[in-house]
Every structure is written in C-alpha cells, then in structure tokens.
There are 2 protein chains.
Amino acid sequence: MEKMTYKDSGVDIDAGNESVKLIKDAVRATYREEVLGDLGGFGGLFALKNYEEPILISGTDGVGTKLKIAFRLNKHDTIGQDAVAMCVNDILVQGAEPLFFLDYLAVGKLNPAQVAEIVGGVARACKASGCALIGGETAEMSGFYPNGEYDIAGFAVGVVEKKSLITSARVKLSDVLIGLPSSGLHSNGFSLVRKIIFERKNFTGNEFIPELGKTIGEELLTPTRLYPSICLPLIKKFGEKIHGMVHITGGGFYDNIPRALPENFGAEIDANSWTVPQIFKLIQSWGNVDWREMFRTFNCGVGMVLIVDENSVDELATYLDAAGETFYKIGRVVEGNGVKIINN
Amino acid sequence: MEKMTYKDSGVDIDAGNESVKLIKDAVRATYREEVLGDLGGFGGLFALKNYEEPILISGTDGVGTKLKIAFRLNKHDTIGQDAVAMCVNDILVQGAEPLFFLDYLAVGKLNPAQVAEIVGGVARACKASGCALIGGETAEMSGFYPNGEYDIAGFAVGVVEKKSLITSARVKLSDVLIGLPSSGLHSNGFSLVRKIIFERKNFTGNEFIPELGKTIGEELLTPTRLYPSICLPLIKKFGEKIHGMVHITGGGFYDNIPRALPENFGAEIDANSWTVPQIFKLIQSWGNVDWREMFRTFNCGVGMVLIVDENSVDELATYLDAAGETFYKIGRVVEGNGVKIINN
C-alpha cells in the first residue's frame with residue numbers, strides 16, 4: 001500500500017517555513033521596545049509599561065468580500081492594511097493606543113511569495129499605526145479555499161489609562177461632529193458593491209472610469225485609511241475636549257454613531273457639509289440604491305467622526321488646518337435617539 | 001431600474017442582530033470582574049489588575065480542516081472549543097493565565113441558530129479556561145463560503161509576571177518530560193486525516209469502529225483538550241520547578257519540543273512510555289504513514305508536555321495522582337539538537 005505523508009494531503013510544511021523566512025524582516029521592523037522574544041515562540045510576548053489603571057482594548061475584524069477584488073486584480077499587497085485598519089480604527093475610538101497585532105491568514109495553497117505580499121502589507125500598516133506585529137497564523141487549508149484564494153482576519157490590542165477612556169458619558173447636547181475623510185469604500189459593503197459592479201454593470205475591474213480618474217478595480221481596492229497617526233496625537237493634545245469618536249464601519253452612519261452616544265441623545269448630520277466622493281455617487285446611481293441604504297452601508301466619504309465640545313471646535317480646526325488635515329463639521333448632537341441625515 | 005439593497009446582496013443585518021441576541025447570555029457568562037462594558041462597543045474592554053512587570057502573551061489559531069468534519073456531521077457545538085483550545089494551550093506554555101478571547105467567524109450564509117451553536121461552544125470553552133469572551137466578529141461573506149460552511153479563528157491574550165515567565169533558560173540536562181494525554185487528534189493534521197478516512201477508506205463518517213467504540217466521525221470531531229484547568233494550578237504550585245511546557249500542535253513532537261529547549265539541547269522520547277490511542281494506530285495503518293511522519297504531524301496521544309527538574313518529578317507525580325490526572329514520564333532532556341523517538 002502506498003505510503004501517505006502530510007505533504008501528500010496538500011499541506012506543505014517547507015512552504016510554510018519558506019513563508020516565515022520571507023516575512024521575517026518586515027515583521028521585525030514593526031517591533032517596539034516592549035516586544036520580547038522573536039518569531040517562532042508559542043505566543044507573542046509584550047511587556048506592558050507602567051500604567052496606573054491600564055484598560056486593555058481589543059478588537060477583531062476581517063475585510064469581508066473585498067478579498068474578491070484582490071483575487072480578481074491579483075494584487076495582494078494592500079489587503080493587509082485593510083485588516084489592520086478595520087481593527088485599529090475600532091480600538092482607537094475609545095482612546096486606546098494600538099500596542100500589538102496578530103493576523104490569521106487561511107490559504108488554499110501556500111504560495112510563499114503571495115503570503116509575503118499579504119503579510120508585508122499587514123506589517124507596513126502595523127508600522128504606520130505604531131503597533132507591533134507579534135503573532136500570526138498562516139493555515140494551509142487544502143480543499144477549503146481555491147488555489148490562490150484566502151481569508152484574513154486581524155486582532156489588535158491597545159491600552160488606555162482608565163481616566164482617559166473615551167466613553168459616552170462625556171457627550172453633551174450641542175457637541176459638534178467633525179468628520180475625517182475616508183480613503184474610499186474602506187472594507188464594508190463589498191457584497192453589495194460586487195453585485196452592482198460585476199453583476200449589474202458587468203465590469204471586469206479593468207474599466208477606466210473618468211469620474212474616478214482610475215480603473216474601477218483600483219478604486220475598489222484602495223486600502224482602508226489608518227486613523228491612528230492623525231487621531232492619537234489629537235487625543236493626546238485635546239484630552240477630555242474630545243467627547244467621543246466613531247469609526248464608520250459596518251452599519252454606516254446609522255448603526256455606528258449611536259454607539260458613541262448616551263441614551264436619549266441622537267445626531268443630526270448635514271449631508272451637504274462634505275462632498276460625497278464619486279465612488280459612492282456611482283454606486284448609488286448604478287445600483288439605484290436609496291441614500292438611506294447608502295448611509296447604512298457605507299462611510300460615504302467620512303471614515304472617522306470626532307464628537308467635540310462646541311467650545312473646542314475652533315481650537316481643533318486650527319490644529320487640523322496646521323497639520324494639513326482635511327475635516328468637515330458634519331453635524332451636532334441633539335435630543336432624541338438615532339441619526340437624522342438632512343439634505344441628502 | 002430595480003433598487004438594490006445590502007440585503008439583496010446576501011448580507012442580512014437583521015440575521016446578524018438575531019445572532020447577537022442568541023449568544024448574549026453565553027458570552028456574558030464568561031465575563032470576569034475585569035471586563036468593562038458589554039457587547040456592542042467598538043472594542044472589548046479589560047481592566048488589567050496590578051502586576052509588577054506584566055508580560056502580555058497572545059496567540060492566534062484556527063482549527064484547520066477539522067471544520068470539514070463538523071460540516072459533514074452537521075454538528076457545530078464543539079468546534080468552538082477547538083478554536084479556544086488551540087490558542088489558550090499556546091499561551092499557557094509560557095506560564096500565562098488566559099485573560100480574554102476574541103473569535104472571528106466567517107460564514108457563507110448567516111444562520112443565527114448555527115452561529116449560536118458555534119459561539120456557544122466558544123463561550124463554554126472560554127468559561128472552562130477562565131477567560132472572558134470579550135469580542136468577536138461574525139462576517140457574512142456571501143459567495144465566499146458555501147451555505148452552511150464557515151471558517152473560525154481565535155485570539156487569546158494572557159498575562160504572566162515577568163519573573164514567572166517560562167523560558168528555555170530554565171531547562172537543564174536530565175530534566176524529565178512528563179506527558180499529559182490528549183483528547184484525540186485535537187486540531188492538527190486534518191488534511192491528511194481526511195484524505196485517509198474519506199478518500200482512501202471511503203468512509204462517510206458514520207461508520208462504527210469497534211476499536212474506538214464510536215463512529216469515526218465522533219472520534220474525529222472530539223474537541224481539543226483545554227489544558228488551563230490542569231496546568232494553571234500546577235504552574236502556581238510548582239513555580240520554577242517547571243522548566244518548560246510544550247503544546248504538541250502543528251509539527252508534532254519534532255517541531256514543538258525544540259521550541260522549549262535551549263540551543264544544543266535535545267530530547268529523547270520513549271514511545272513505549274504511554275499507550276498510543278487507537279485512532280492514531282488506525283490512521284497510521286490505514287494510510288501506511290511512517291511513524292516518523294505520525295510524530296511530526298500528530299500529538300499521538302500526548303497533547304501537552306511538562307519539562308520538569310528531575311528532583312521534582314516525584315512531587316509532581318504525587319500531585320497529579322492526587323488530582324486524579326493521568327500522566328506519563330515520556331523522556332528526558334539530552335545533549336545535542338532535535339528530538340529522538342525510541343521504541344516506535
């Protein structure tokens with residue numbers, strides 16, 4: 001009877017080791033001084049510095065079917081940023097500094113060069129967010145994902161002093177909502193996007209779209225913006241003047257803004273206060289999607305919202321102008337529950 | 001033109017909310033006093049207690065193609081334990097107490113009852129490991145996974161005082177290796193297992209196997225043993241007398257034992273020192289798998305190894321006997337690199 005080996009079954013331990021070799025330097029480049037040990041341990045080690053009352057904040061997310069765009073364009077060096085951004089933007093909104101990140105990558109067939117592209121993107125995004133990539137799993141799941149395809153999930157842990165934790169308790173009536181631009185669709189709503197782009201419009205992804213100045217595929221694959229580099233200094237400088245932060249992620253404006261508000265408080269958003277980027281207008285028009293549905297599914301150009309004391313808005317505006325950052329005053333905290341979007 | 005909605009594209013936010021409702025109580029039952037907030041925040045909050053020099057240890061893992069067994073048997077309440085065990089057993093070996101856990105669950109079609117089964121299993125395993133389930137993502141990825149199928153990954157964070165961190169520096173020549181039984185295959189080597197069981201043997205999964213006293217499917221789906229409940233009290237009681245711990249995970253004996261040893265130290269294992277469970281013998285025989293390959297792929301009945309000072313072995317044995325725990329003296333630390341398995 002023919003002998004069977006693990007490799008025969010489609011799992012190649014040598015390819016796994018080759019992948020680790022290829023990503024080693026990119027991973028090490030993310031290390032902070034708190035990282036102990038090196039790749040290859042059972043767990044990732046991080047020596048927490050002195051805090052009075054440290055609150056660890058953690059989040060996990062994937063990038064959804066945006067992956068299908070990466071497969072279609074055969075471009076794998078940006079999807080890692082999406083995985084990092086979806087997680088660090090989530091933990092950021094409660095005031096946490098991202099400390100470390102781990103990735104889970106499940107592939108059909110382990111291709112070391114492809115793994116290196118994907119994890120290279122993860123590592124660059126970690127570095128740009130100031131967090132160390134201290135662990136990860138690359139699983140070869142033969143027969144589970146088609147060759148060349150994969151799923152990725154991320155996991156981020158951050159820390160904040162208890163007294164600096166941003167909670168809804170800070171929010172007051174008449175607080176102002178400041179929007180920070182998104183880089184595009186980020187990583188939400190891609191099932192709908194794909195249906196509109198590839199089924200209704202029958203695009204391949206390579207079509208040049210004049211309104212966008214690029215191909216539709218390039219636009220869709222634009223990586224999710226990383227907000228730590230703009231928001232962490234801002235949290236540090238403005239402290240309690242920032243009453244809340246909202247990551248506009250799955251569920252859009254309607255589901256996310258209330259997560260930062262106390263009960264019986266709502267928000268009124270003026271859709272005329274910023275220019276909705278072309279990609280959202282195209283999707284709305286191509287799919288004949290209700291604007292209400294657009295704002296429940298997509299960030300529509302605003303990926304992060306700061307809720308700010310109305311007396312601090314000018315100071316914040318001056319700071320953001322000086323830093324060369326674009327921002328919009330998009331609305332206010334009002335009485336009553338829910339989000340009301342006017343002028344759309 | 002027909003209006004399109006996010007739901008039309010295969011993503012059902014209401015089913016997502018229904019899932020959250022179904023798992024709420026199971027998740028809350030895992031909370032420790034350090035958990036702040038509740039489900040629905042952007043991140044999971046955990047107030048770290050006072051430590052002198054806290055080292056955070058984190059790990060991520062999936063359960064590989066063991067998932068295919070769950071799909072085949074349409075049984076989804078144990079796979080969550082596999083996800084938890086693969087992570088907490090990894091962080092345990094450096095002495096960490098698991099604090100909290102997050103899960104990533106990606107499904108083709110969101111079936112709230114199925115999600116509740118899966119996450120219920122995660123929650124029970126977290127509870128049994130003493131860690132809080134403080135976050136998770138359930139992603140509906142339509143067209144990515146077939147209806148009824150899914151992938152799951154886990155992320156665990158634990159903590160240990162720096163002075164209690166278990167590192168290879170403690171290991172001495174003549175240290176004794178104590179093996180703790182596995183519950184079966186755990187979650188490694190399933191690509192090979194499936195090839196042997198479902199392709200070579202042409203089993204469906206429902207065949208009763210006299211040597212096992214159960215069906216082959218039941219045997220394969222047996223959840224991975226959670227070692228925190230036995231190992232944490234042991235680490236506390238024996239402290240520095242425990243020189244190392246090894247989770248026998250992907251890579252088996254050959255790849256994992258060296259991860260706990262200093263350079264120029266190896267291990268000699270006597271395969272006669274414990275009874276290899278029937279399932280491993282059957283797989284070896286059905287697949288005509290070399291025993292060397294068996295020990296490089298599977299735990300072969302020993303899922304966790306303690307490396308213990310030879311002068312402490314009797315004390316440890318007395319303790320484990322009193323606790324009613326099975327254990328085996330499986331080998332010793334020796335000069336030279338690598339693992340040598342004798343008598344197999």
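Convention: sequence-line order gives letters A, B, ...; per-chain numbering from 1.
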Trainee: Should the pair A/Arg259 and B/Phe42 be classed as cation-pi, given the thresholds of under 6.0 Å to the six-membered ring centre and 45° from the axis?
Mentor: yes
Trainee: With a 4.5 Å heavy-atom cut-off, do A/Leu192 and B/Thr5 have their side chains touching?
Mentor: no
Trainee: With a 6.0 Å cut-off on the ring centroids, do A/Tyr6 and B/Phe298 count as close?
Mentor: no
Trainee: Enter the distance from B/Met4:CE to A/Asp290:CG here, rounded to the nearest 0.5 Å.
Mentor: 12.5 Å
Trainee: Would you say A/Asn288 and B/Glu2 make side-chain contact, with heavy atoms under 4.5 Å?
Mentor: no
Trainee: So what's closer than 4.5 Å to chain A heavy atoms on B/Lys49: side chain, backbone, both or neither?
Mentor: neither
Trainee: Heavy-atom pairs under 4.5 Å with chain A are the metric here; pick the option from B/Ile91, B/Asp103, B/Leu67, B/Asn50 that has the most.
Mentor: B/Leu67
Trainee: Would you mind reporting whether B/Asp151 and A/Met141 have side-chain heavy atoms less than 4.5 Å apart?
Mentor: yes
Trainee: Between A/Val246, A/Val159, A/Thr65, which has the largest tally of heavy atom pairs under 4.5 Å with chain B?
Mentor: A/Thr65
Trainee: Under 4.5 Å from any heavy atom of chain B, what part of A/Ile152 do you find: side chain, backbone, both or neither?
Mentor: backbone
Trainee: Would you mind checking if A/Asp8 and B/Lys195 are paired as a salt bridge, meaning a charged N to carboxylate O distance below 4.0 Å?
Mentor: no
Trainee: For chain B, find which of A/Lys7, A/Lys68, A/Lys162 contributes the most heavy-atom pairs closer than 4.5 angstrom.
Mentor: A/Lys68
Trainee: What is the minimum heavy-atom distance between A/Ile57 and B/Gly43, and which atoms define it?
Mentor: CG2-CA, 4.0 Å
Trainee: Could you give me the CA-CA distance, side-chain angles and deciding distance for B/Val157 and A/Ser58, then say whether side-chain contact (heavy atoms from CB on, under 4.5 Å) is met?
Mentor: CA-CA 10 Å; B/Val157 174; A/Ser58 53; over 6 Å; no
Trainee: Please look at A/Glu53 and chain B and tell me whether the side chain, the backbone, both or neither of the residue comes under 4.5 angstrom of a heavy atom of that chain.
Mentor: neither
Trainee: With a cut-off of 6.0 Å (strictly less than), are more than 12 heavy atoms of other residues, nucleotides or ligands near CZ of B/Arg200?
Mentor: yes
Trainee: Counting only non-hydrogen atoms closer than 4.5 Å, does A/Tyr51 touch chain B with its backbone (N, CA, C, O), its side chain (CB onward), both, or neither?
Mentor: neither
Trainee: Who among A/Gly135, A/Ala153, A/Ala260, A/Gly59 has the most heavy-atom pairs with chain B under 4.5 Å?
Mentor: A/Ala153
Trainee: If you count heavy-atom pairs under 4.5 Å between each of A/Gly62, A/Pro146, A/Ala139 and chain B, which one has the most?
Mentor: A/Gly62
Trainee: Could you go through B/Tyr104 and A/Asp61, starting from their C-alpha distance and side-chain angles, then the distance that decides it, and tell me whether this counts as side chain to side chain donor-acceptor pair (under 3.5 Å)?
Mentor: CA-CA 7 Å; B/Tyr104 168 79; A/Asp61 210 348; over 6 Å; no
Trainee: Need one label for A/Thr167: side chain, backbone, both or neither, based on atoms under 4.5 Å from any heavy atom in chain B.
Mentor: neither
Trainee: What option among B/Asn256, B/Val11, B/Ile196 has the most heavy-atom pairs under 4.5 Å with chain A?
Mentor: B/Asn256
Trainee: Any idea which heavy atoms bring A/Phe144 and B/Phe71 closest together, and the distance?
Mentor: CE1-CE1, 3.6 Å
Trainee: Checking A/Asn89 against chain B: side chain, backbone, both or neither under 4.5 Å from a heavy atom?
Mentor: neither
Trainee: Is A/Ile134 close to chain B through its backbone or its side chain, or both, or neither, when contacts mean heavy atoms under 4.5 Å?
Mentor: side chain
Trainee: If you apply the rule side-chain contact (heavy atoms from CB on, under 4.5 Å), what do you find for A/Leu48 with B/Ile55, and how did you get there?
Mentor: CA-CA 6 Å; A/Leu48 194 68; B/Ile55 309 290; over 6 Å; no
Trainee: Heavy atoms only: give me the nearest A/Ser191-B/Ser142 pair and the separation to one decimal.
Mentor: OG-N, 4.3 Å
Trainee: Is A/Leu165 close to chain B through its backbone or its side chain, or both, or neither, when contacts mean heavy atoms under 4.5 Å?
Mentor: side chain
Trainee: Could you look at A/Val289 and say if it's the side chain, the backbone, both or neither that has a heavy atom under 4.5 Å from chain B?
Mentor: both
Trainee: Between A/Glu52, A/Glu34, A/Gln94, who has the most heavy-atom pairs with chain B when the cutoff is under 4.5 Å?
Mentor: A/Gln94
Trainee: Given heavy-atom pairs under 4.5 angstrom as the criterion, report whether the side chain, backbone, both or neither of A/Ser168 touches chain B.
Mentor: neither
Trainee: Nearest 0.5 angstrom please: A/Phe101 CZ to B/Thr60 OG1, how far?
Mentor: 9.5 Å
Trainee: Name the region of B/Ala106, side chain, backbone, both or neither, that has any atom closer than 4.5 Å to a heavy atom of chain A.
Mentor: side chain
Trainee: When rounded to the nearest 0.5 angstrom, what is the spacing between OG1 in A/Thr249 and CD in B/Glu137?
Mentor: 7.5 Å
